[in-house]
Amino acid sequence: MKELSILDICGVRVGHAQDEQAATGCTVLLFPGLCPTGCDIRGGGPASRETPLTDPRMASQGLNGVLLSGGSAFGLDAAGGVLRYLEERGIGFDVGVTKVPLLCESCVFDLAVGNAHVRPTQEMAYAACLDAERGVLREGNVGVGTGCTVGKLLGASYAMKSGVGSYAVQAGNIQVGAVVAVNALGDVYDIDTGVPLAGLLEEDRNSLRSSELTCYAAIDHPVENAFVGNTTIGCVVTNGKFSKAEMNKLAAMASNGYVRTIRPVNTTADGDSLYAASVGQEPAALDVVGTLAAYVTGKAVNRAVLAAQGAYGLKAACDLADRQ
């Protein structure tokens, strides 16, 4: 199995734009055509736009792209910038008088990190599309990852900075990659070793403690609204040839990458969501690619915290005493 960039997969493009002062941004994935796309939503409070397009019962055969944004539900307006970018280039479903781009969007809750009244705009999303033309893959405190945090069970004082990460591999002729923005309540663990990478800080703010054990200890006195404002969102792409229905199953399998690397995860008040797009024509076994998709998703989660830099008064994984 060979590691590669997600940009190596069938012309997929990834771009970011952000407002660093306000701690918010957006990340766009643009596909090489209208590509069969599924979606798996395990969080109880998703902020999303046009996700019914991924339902196999709907007439649309695929999507032109996916937008991952900050701003909570307010950030959903940003999708208009991607639609404008694609329409200007004649990309979308032909309705005679124009072409209507088919796009889904999901948002993370980052309002409590910077300026709660500044959200990703259509202009920002358009800028992310222009950034995607550069063909440069960036991670960490960029795009949707700008305001991402983890380990928030006891509030901002013991939380850590996270970001957006990406990982892709090739096995035989099959390529699978993921881009994930990690804005989780819980802790992030290495998918290969199980070692904690980032999350709830100890009192000394130089080492980690377990959010799970802390949560269990407070079971009779739960922290009010602790699970609000936590979302991990992302998108998987593969050059394997699959239908929209199959991509929905693949998205569900890929979501296991969240489960293997984030604890707790998929709570009632967060918006954990994952898209999966078939962007190529390679014959492939769904279960094999789905298993591989879970792994690259988990690796992208790991990259999101390892590539992050400390900001907004929050430490990142690279700042912990045992990483220096």
Side-chain angles (χ1 to χ4, degrees), residues 20-25 43 70 72 108-116 139-142 144-165 180-233 257-267 269-272 298-324:
E20 294 182 6
Q21 184 174 0
T24 194
S72 189
V108 300
F109 183 96
D110 55 7
L111 302 179
V113 179
N115 187 335
E139 299 175 297
N141 302 19
V142 295
V144 63
T146 304
C148 284
T149 53
V150 294
K152 291 172 278 190
L153 185 66
L154 298 180
S157 297
Y158 300 103
M160 291 183 65
K161 186 71 184 71
S162 181
V164 60
V180 179
V182 182
N183 191 54
L185 170 83
D187 311 319
V188 174
Y189 294 81
D190 188 291
I191 192 171
D192 294 314
T193 66
V195 171
L197 300 176
L200 182 63
L201 290 171
E202 282 280 11
E203 291 288 343
D204 63 7
R205 301 188 76 248
N206 282 317
S207 56
L208 298 173
R209 52 181 151 174
S210 168
S211 289
E212 284 186 306
L213 294 180
T214 303
C215 186
Y216 302 154
I219 196 165
D220 294 326
H221 305 283
V223 180
E224 187 176 0
N225 292 331
F227 294 90
V228 175
N230 308 288
T231 306
T232 298
I233 57 176
Y258 290 174
V259 177
R260 291 165 64 184
T261 54
I262 305 170
R263 300 198 294 269
V265 71
N266 299 335
T267 66
D270 63 27
D272 295 338
K299 291 289 281 188
V301 169
N302 291 168
R303 286 294 309 159
V305 296
L306 293 175
Q309 298 294 314
Y312 314 110
L314 299 161
K315 287 190 173 184
C318 59
D319 299 319
L320 295 181
D322 61 354
R323 314 289 166 82
Q324 297 174 355

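Side-chain atoms are counted along with the backbone in the values below, which use heavy atoms only and exclude waters and symmetry mates.
V301 places none of its side-chain heavy atoms less than 4.5 Å from the side chain of I191. V164 places none of its side-chain heavy atoms less than 4.5 Å from the side chain of C148. You'll find the side chain of L208 stays beyond 4.5 Å of the side chain of D187, heavy atoms only. Side-chain contact check for V305 versus Y189: every heavy-atom pair is 4.5 Å or farther apart.
Here the closest non-hydrogen pair linking A304 and G165 is CB-N, 3.5 Å. The two atoms that bring L111 and S72 nearest to each other are CD1-CB, 4.1 Å, heavy atoms only. For I262 against A184, the heavy-atom pair with the smallest separation is CG2-CB, 3.7 Å. Taking every heavy atom of both residues into account, A156 and L314 meet most closely at O-CD2, 3.7 Å. The minimum heavy-atom distance linking G310 with A316 is given by the pair N-CB, 3.4 Å. Of all non-hydrogen atoms in G186 and V150, the two that sit nearest each other are O-CB, 3.7 Å.
Side-chain N or O atoms of N302 include none that pairs as donor or acceptor with a backbone N or O of T261 at under 3.5 Å. Remark: the backbone N or O of G199 is not paired with any side-chain donor or acceptor of K152 at under 3.5 angstrom. Judged by distance alone, with hydrogens and angles left aside, the side-chain atoms of N183 form a donor-acceptor pair with the main-chain N or O of F109 at under 3.5 Å.
To the nearest 0.5 Å, atoms CD1 (I233) and CG (D272) are separated by 9.5 Å. Rounded to the nearest 0.5 angstrom, T231 OG1 and D110 CG are separated by 9.5 Å. In this structure, the separation between OG1 on T214 and CG on L154 is 6.0 Å, given to the nearest 0.5 Å. Rounding to the nearest 0.5 Å places NZ of K161 at 11.0 Å from SG of C318. In this structure, the separation between OG on S211 and CG on L201 is 9.5 Å, given to the nearest 0.5 Å. Of the inter-residue distances, the one linking Q21 atom CD with N115 atom CG reads 8.0 Å to the nearest 0.5 angstrom.
Checked options E202, R205, E203; the residue passing with Y158 is E203 (criterion: side chain to side chain donor-acceptor pair (under 3.5 Å)).
Under a 4.0 Å N-O distance rule, the pair K299/D192 qualifies as a salt bridge.
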- List the steps, then state whether side chain to side chain contact (heavy atoms under 4.5 Å, CB included) holds for M160 with V188. CA-CA 11 Å; M160 291 183 65; V188 174; over 6 Å; no
- Message: Could you walk me through whether V182 and T232 satisfy the side chain to side chain contact (heavy atoms under 4.5 Å, CB included) test, starting with their C-alpha distance in whole Å, then the side-chain angles of each, then the deciding distance to 0.1 Å, before giving a yes or no?
- Response: CA-CA 5 Å; V182 182; T232 298; 4.1 Å; yes
- Item | Pair N206-K315, side chain to side chain contact (heavy atoms under 4.5 Å, CB included): steps then yes or no | CA-CA 9 Å; N206 282 317; K315 287 190 173 184; 2.6 Å; yes
